[in-house]
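Just so we're clear, the structure is a prediction, and the values are computed from it rather than from any experiment. The chains referred to below are lettered A, B, ... by the order of the sequence lines, with proteins before strands, and numbering in each begins at 1.
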Protein chains: 2
Amino acid sequence: MLDYEKAISVAEQKCADRGIRFTRRRKQVLAVLIKADAALSAYEIAELCDADGDSKMPAMSVYRILELLQDGNLIHRLELANKYVSCSHISCSHKHKQSQFLICDSCRHVEEIDLSSEAVDALRVAASAAGFNSISSQLEIKGWCAQCQPSRN
Amino acid sequence: MLDYEKAISVAEQKCADRGIRFTRRRKQVLAVLIKADAALSAYEIAELCDADGDSKMPAMSVYRILELLQDGNLIHRLELANKYVSCSHISCSHKHKQSQFLICDSCRHVEEIDLSSEAVDALRVAASAAGFNSISSQLEIKGWCAQCQPSRN
DNA sequence: GTTGAAACGATATAGTGTATCTTTTACTCC
DNA sequence: GGAGTAAAAGATACACTATATCGTTTCAAC
């Protein structure tokens, strides 16, 4: 899990750089995602904000804020399963054009990994052979983490 | 695109083997998927059945039939994009435990490919290093086919 | 304080999918 | 051929994910 305090301060700085506010709502959403350390749906995020805070978080706000956080590279949207996860590189200077995710099909824990360039090249070659000139910079792979044994395949 | 007649006859045989009927509705859904040669949503399939046939195809029936066809390994469900596609191996004896798909983000054309064992191994190794003991037997990769240039990444 | 843009709230609605119950179809047994 | 039976299909309701739109609030600059 990320260093929470550091991630929040980085997020504050990034918002300042973009000339936008890092409001209570935005902080709530990011905090929930960081603390969850798993992929959450927008509505799950709203519920956790409700539980955490004082006032009700509308789902619409969550969607707006998720989009904003995504534009700031603070979170990622996982298309497999329609869920969202905090970027594991918020608080490091590491630039990453590519995003690769392992998603546990059981507990939804997400690991953001760096595939070897050989592995990525192998995918590109296979894609090229099948007539695909380019592949997405985001790769999502479902699996089962060490804590969860595969129940199905 | 698949040999339509052959694929249908194989599907008939597979249903007979399972002791279930290959009804008009089931044939309609499979036929639409084979002829489309692209990933379709359940509701798109229903619409195409409507256009093709004489009576209205209810969406619920489509979902039921898709599940049944999937159980018979006649089609695949693509979780990226919530769409369905006919199995490219319907009419060949080729057994495939693994399924790997390239999905064009623009035209939704799907290629079912066979990754080299080296590429798959590289993914497994990376997953293992990140604490994932096993990965899904279905891999979905978004990209852009030769006809569609990448508009975004 | 006024103003204006950003942020948020609220409602409506579209798309995807599941649950449940009823009706129809088709096969078997007589 | 007709009744009984189970599979298949129809129909309705509803949950979840997501977007569109419009009104309201907040906050910083002036």
Side-chain angles (χ1 to χ4, degrees), chain A residues 11-12 14-33 38-50 53-72 74-85 103 108 140, chain B residues 11-12 14-33 39-50 52-72 74-85 103 108 140:
Chain A
E12 268 173 351
K14 278 201 181 182
C15 285
D17 292 347
R18 294 167 70 195
I20 61 173
R21 285 177 253 164
F22 188 62
T23 64
R24 165 175 146 269
R25 290 310 206 186
R26 290 169 185 181
K27 186 173 177 177
Q28 270 186 293
V29 169
L30 184 59
V32 161
L33 271 179
L40 299 177
S41 76
Y43 283 78
E44 286 170 333
I45 292 168
E47 278 176 27
L48 288 170
C49 289
D50 290 349
D54 40 348
S55 67
K56 184 155 177 59
M57 172 71 82
M60 302 306 96
S61 295
V62 175
Y63 278 107
R64 260 192 301 236
I65 292 167
L66 287 172
E67 189 180 357
L68 177 138
L69 294 175
Q70 197 178 1
D71 289 345
L74 293 164
I75 65 167
H76 298 285
R77 174 188 151 88
L78 299 176
E79 295 190 83
L80 276 178
N82 298 321
K83 290 188 167 50
Y84 305 84
V85 70
I103 307 163
R108 293 180 311 179
E140 303 173 32
Chain B
E12 269 172 353
K14 278 200 181 183
C15 285
D17 293 347
R18 294 167 71 195
I20 61 174
R21 283 178 254 163
F22 189 63
T23 64
R24 165 175 144 270
R25 289 310 205 185
R26 290 169 185 182
K27 185 173 178 177
Q28 270 187 293
V29 168
L30 184 59
V32 161
L33 270 178
L40 300 177
S41 76
Y43 284 78
E44 286 170 334
I45 292 168
E47 278 176 26
L48 287 170
C49 288
D50 291 348
D52 186 57
D54 40 348
S55 66
K56 185 156 178 57
M57 172 72 81
M60 302 305 94
S61 295
V62 174
Y63 278 108
R64 259 192 302 237
I65 291 167
L66 287 172
E67 189 180 355
L68 177 139
L69 293 175
Q70 198 178 1
D71 289 345
L74 293 163
I75 65 167
H76 298 285
R77 173 187 153 87
L78 299 175
E79 296 189 84
L80 276 178
N82 298 322
K83 289 189 168 48
Y84 304 83
V85 69
I103 306 163
R108 294 178 313 178
E140 304 173 30

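- Considering NZ of Lys27(A) and SG of Cys15(A), their distance stands at 12.0 Å, rounded to 0.5 Å.
- Side chain of Tyr43(B), nearest nucleotide from dT16(C), dT17(D), dA9(D): dT16(C).
- In this structure, CG of Asp50(A) is placed 14 Å from C1' of dG9(C), rounded to the nearest angstrom.
- Distance CD (Glu47(B)) to P (dA14(C)): 14 Å, rounded to an integer number of Å.
- Contact annotation: Asn82(A) does not reach the phosphate of dC16(D) (side-chain N/O to OP1 or OP2, under 4.0 Å).
- Proximity of Arg21(B) to the phosphate of dA9(D): no side-chain N or O atom is located under 4.0 Å from OP1 or OP2.
- Taking every side-chain heavy atom of Ser41(A) into account, dT17(D) is the closest of dT11(C), dT17(D), dT16(C).
- Spacing between atom CD of Gln28(A) and atom C1' of dA7(C) amounts to 14 Å, rounded to whole angstrom units.
- In this structure, Val62(B) and Tyr84(B) have side chains that are not in contact, with every pair of non-hydrogen atoms separated by 4.5 Å or more.
- Heavy atoms of Arg77(B) sit under 4.0 angstrom from primed sugar atoms or phosphate atoms, though from no base atom.
- The distance between atom CD1 of Ile65(A) and atom P of dG9(C), rounded to the nearest whole Å, is 8 Å.
- Straight-line distance from the CE atom of Met60(B) to the C1' atom of dT20(C): 12 Å, rounded to whole Å.
- Here Tyr63(A) does not reach the OP1 or OP2 of dA7(C): none of its side-chain N or O atoms lies under 4.0 Å away.
- The separation between Glu67(B) atom CD and dA9(D) atom C1' is 15 Å, rounded to whole Å.
- Looking at heavy atoms from C-beta onward, Leu68(B) lies in side-chain contact with Arg18(B) at the 4.5 angstrom threshold.
- When distances are taken from the side chain of Pro58(A) to each of dG9(C), dA9(D), dT17(D), the shortest belongs to dG9(C).
- Going from atom CZ of Arg24(A) over to atom P of dT25(D) covers 15 Å, rounded to whole Å.
- Side-chain N/O atoms of Tyr84(A) include one lying less than 4.0 angstrom from OP1 or OP2 on dA18(D).
- Using modelled atom types, one side-chain atom of Glu140(B) and one backbone atom of Glu79(B) make a donor-acceptor pair closer than 3.5 Å.
- For the pair Arg25(B) and dG10(D), the criterion of a side-chain N or O lying under 4.0 Å from OP1 or OP2 is met.
- A sub-4.0 Å separation between OP1 or OP2 of dA7(D) and a side-chain N or O of Thr23(B) is absent.
- Of the candidate nucleotides dA7(C), dA11(D), dG9(C), dG9(C) has the atom nearest to the side chain of Ser61(A).
- Put simply, the side chain of Arg64(B) and the base of dG10(D) share a donor and an acceptor less than 3.5 Å apart.
- As a whole-Å value, the separation of Phe22(B) CZ from dA26(C) P is 15 Å.
- Between Val85(A) and Arg77(A) the shortest side-chain heavy-atom distance does not fall below 4.5 Å.
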